[in-house]
Amino acid sequence: MNLEKNGTGERDVEGIKPRRWDKRWSLYLVTKLALSIVLMLFAPPLVNAQNDTEPIVLEGKCLVVCDSNPSSDGAVTSSLGISVRSGSAKVAFSAIRSTNHEPSDMSNRTNTIYFDQVLVNVGTHFDLASSTFVAPRKGIYSFSFHVVKVYNRQTIQVSLMQNNYPVISAFAGDQDVTREAASNGVLLHMERADKVHLRLERGNLMGGWQYSTFSGFLVFPL
């Protein structure tokens, strides 16, 4: 083994020069470290779009829903599958019949059951004049009704209509009861612009239907 002293007093082993911490190597390490820090601070976060992600409400202004299969219900959807809907997505209504006056529009042609007072109409999607609810977006909705008949010795059948198709019905036909109600409730899958109203399928509501109610609300959007 040949050991020789070099000019700095250090020894070379087998002709191999010892490693030296020069200025160029230090500058390279400092530059690399600085670039790594910059990338960590300013790189965009990774977003994993997946189904069944709970909605996140941001300061009551925006509702963000991550969905790998976003639906076209009017929401703004990015290429990452993030659907952004308005924070004012709450929908609910409740209408009543406050008098026994029978409106002139109540006829054998339509048999629509009309209401004359709105107690709740969040989102204004219930039209009082036609007594019809119009879905503002695709989702699951809950509906219930309570239609009172005034006279005994008659039977009534009331149906909840979705796009003019009867979905559920209720009956009131106790011959010994003066005031009796046909009541029912249901959850419905509705598309945007679907319509729901009540229709008298059987019997009559002579004398009016005071104290009757019709209510509904959006359970959750799809």
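What you are looking at is a predicted structure, and each value in this text was computed from that prediction instead of being measured. Throughout, numbering of the chain's residues begins at 1 and tracks the sequence.
Residue F171 holds its CZ atom at 7.0 Å from OG of S159, rounded to the nearest 0.5 Å. Atom CZ of F217 sits about 9.5 Å away from atom CZ of F143, to the nearest 0.5 Å. We find the CD1-CD distance between I156 and E180 to be 7.5 Å, quoted to the nearest 0.5 Å. Atoms CG and CD1, from L205 and I113 in turn, are 5.5 Å apart once rounded to the nearest 0.5 Å. Residue H197 holds its NE2 atom at 11.0 Å from CZ of F115, rounded to the nearest 0.5 Å. The distance from atom CZ of R97 to atom CD of Q117, rounded to the nearest 0.5 Å, is 10.5 Å.
Between M190 and V196 the shortest side-chain heavy-atom distance falls below 4.5 Å. The shortest distance between side-chain heavy atoms of V118 and F93 does not fall below 4.5 Å. A 4.5 Å side-chain heavy-atom check between L160 and L188 finds at least one atom pair inside the cut-off. A heavy-atom distance below 4.5 Å is not found between the side chains of T132 and F126. Side-chain contact check for L187 versus Y141: every heavy-atom pair is 4.5 Å or farther apart. The shortest distance between side-chain heavy atoms of V147 and L198 falls below 4.5 Å. Residues D116 and T99 meet the side-chain proximity criterion, which asks for heavy atoms closer than 4.5 Å.
Contact record, R137 with L218: CD-CD2, 4.1 Å, taken as the closest heavy-atom pair. The two residues Q210 and S98 have their closest heavy-atom pair at NE2-O, 2.9 Å. The heavy-atom pair separating Q162 from V167 by the smallest distance is CB-CG2, 3.6 Å. Across all non-hydrogen atoms, the minimal contact from V158 to A182 is CG2-CB, 4.2 Å. Considering all non-hydrogen atoms of both residues, P136 and V91 come closest at CG-CG2, 3.7 Å.
Ring pair H125/F133 is perpendicular by interplanar angle, where above 60° counts as perpendicular and below 30° as parallel.
The closest donor-acceptor contact from the side chain of S169 to the backbone of Q157 lies at 3.5 Å or more, if one exists at all. A donor-acceptor distance shorter than 3.5 angstrom exists from the side chain of S212 to the backbone of V148, with no hydrogens or angles considered. Between the side chain of W209 and the backbone N or O of Y114, at least one donor-acceptor pair lies under 3.5 Å. Without hydrogens or angle criteria, N111 side chain to L200 main chain gives a donor-acceptor distance under 3.5 Å. Judged by distance alone, with hydrogens and angles left aside, the side-chain atoms of N163 form a donor-acceptor pair with the main-chain N or O of K195 at under 3.5 Å.
Under the 3.5 Å distance criterion, with hydrogens and angles disregarded, a donor-acceptor pair is assigned to the side chains of D127 and S130.
Tracing side-chain contacts under 4.5 Å through hydrophobic residues (I, L, V, M, F, W, Y), one reaches L128 starting from F214; they form part of the same cluster.
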Does the side chain to side chain donor-acceptor pair (under 3.5 Å) test come out yes or no for T213 and H146, once each step is laid out?
CA-CA 5 Å; T213 62; H146 184 81; 5.5 Å; no
